[in-house]
2 protein chains.
Amino acid sequence: MDQIARTTKDLGNVLRKARKARNLTQADLATLAGIWQRTVSNIETSASGAKVDTIFDLLAALDLELHIVPRSKMTLGDLEDIF
Amino acid sequence: MDQIARTTKDLGNVLRKARKARNLTQADLATLAGIWQRTVSNIETSASGAKVDTIFDLLAALDLELHIVPRSKMTLGDLEDIF
DNA sequence: ACAAATAATGATCCAGAGAACATTTTGCCT
DNA sequence: AGGCAAAATGTTCTCTGGATCATTATTTGT
């Protein structure tokens, strides 16, 4: 199941989840991504409207990529919500 | 087929493609997204490392959403490249 | 409950994005 | 070629994210 993000809050949550799934601390991830722990924290808590480049750095460090897809395309998660 | 973006350049291209597919001008889209034509142009041409919030505004206006998925998950496009 | 690891946050500086006007350039159509 | 619509780009201002230092709060394991 892939994660969907429509807001910065979503994005922060997804990133945190992905980081934890990899057993990385914010400091670890920051080092991997070439940014600061402070920034990782800010982004995960949606404390700032991050820059796209920073997000791409994080995604790359987490081995993730962005797929841009039409909204309203129903997902397995949606089905689970219904049934 | 959904679009993949790993860089701001990718993202700009995807957004432009989506906008054109909807027969919108940059000015139209800007209005829809509540931003400026100047900004749409900048983002489509990767002339600036945009802010995430701006991207979300654009995606919403284009009825698109972000899916965050593990990299290297093979896509149909990849297969087409191989065969 | 305690210690150790992890996350949150305070403060300052600087670079750069977006707002807000504009004009110029490019592309398309007939 | 000429004209119009669309995209690119110039400029100034303001605001804020990230870098960079730090310390405090919180979570987690035992």
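Values in this document were obtained by computation on a predicted structure and should not be read as measured data. Naming convention: chains lettered A, B, ... in sequence-line order (proteins, then strands); numbering from 1 in each chain.
Contact check, A:Arg16 against C:dA8: a side-chain N or O comes under 4.0 Å of OP1 or OP2. OP1 or OP2 of D:dA7 sits under 4.0 Å from a side-chain N or O of B:Arg19. Listed pair B:Thr54 / C:dG18 meets the phosphate criterion, a side-chain N or O lying under 4.0 Å from OP1 or OP2.
Of the candidates C:dA7, D:dG18, D:dA8, the closest approach to any side-chain atom of A:Gln26 belongs to C:dA7. Which of D:dA19, C:dG18, D:dA7 sits closest to the side chain of B:Thr25 comes down to D:dA7. For A:Lys51, the listed nucleotide lying nearest its side chain is C:dG16; candidates were D:dA19, C:dG16, C:dG18.
A residue-by-residue look at A:Ala50 and B:Asn42 shows that B:Asn42 has its nearest nucleotide of DNA chain D further toward the 5' end. Toward the 5′ end of DNA chain D lies the nearest nucleotide of B:Ala27, the other residue of the pair B:Asp53 and B:Ala27 mapping further downstream.
One can place CG of A:Leu58 at 13 Å from C1' of D:dG17, the figure rounded to the nearest angstrom. Atom CD in B:Glu44 sits about 11 Å away from atom C1' in D:dA6, given to the nearest Å. Look at CG on B:Leu24: it is 15 Å from C1' on D:dA5, rounded to the nearest Å. Distance CD1 (B:Ile43) to P (C:dA17): 10 Å, rounded to an integer number of Å. Taking atom CG on A:Leu15 and atom C1' on C:dA7, their separation rounds to 16 Å, with Å as the unit. The CD1-C1' distance, from B:Ile55 to C:dA17, rounds to 11 Å in whole Å.
With hydrogens and angles disregarded, no donor-acceptor distance shorter than 3.5 Å links the side chain of B:Asn42 to the backbone of B:Thr39. When atom types are taken as modelled, the side chain of B:Ser41 and the backbone of B:Gln37 share no donor-acceptor pair closer than 3.5 angstrom.
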Using a 4.0 Å heavy-atom cut-off to protein, can you give one letter per nucleotide of nucleotides 20-30 of chain D, 5' to 3': B if the base is in contact, S if only the sugar-phosphate is, - if neither? BS---------
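Between A:Glu65 and B:Arg71 no salt bridge is recorded (no basic side-chain N to carboxylate O distance below 4.0 Å).
When heavy atoms are screened at a 4.0 angstrom cut-off, B:Ser48 is found touching the sugar-phosphate backbone but no base atom.
A donor-acceptor pair shorter than 3.5 Å can be found between the side chains of B:Thr25 and B:Asp28.
Using a 4.5 Å cut-off between side-chain heavy atoms of Ile, Leu, Val, Met, Phe, Trp and Tyr, with links allowed through other members, B:Leu58 and B:Leu32 fall into the same hydrophobic cluster. Hydrophobic cluster membership is shared by A:Ile43 and A:Leu24, with clusters built from Ile, Leu, Val, Met, Phe, Trp and Tyr side chains linked at under 4.5 angstrom.
The residue from B:Lys17, B:Lys9, B:Arg19 that alone fulfils the salt bridge (Lys or Arg N to Asp or Glu O under 4.0 Å) condition with B:Glu44 is B:Arg19.
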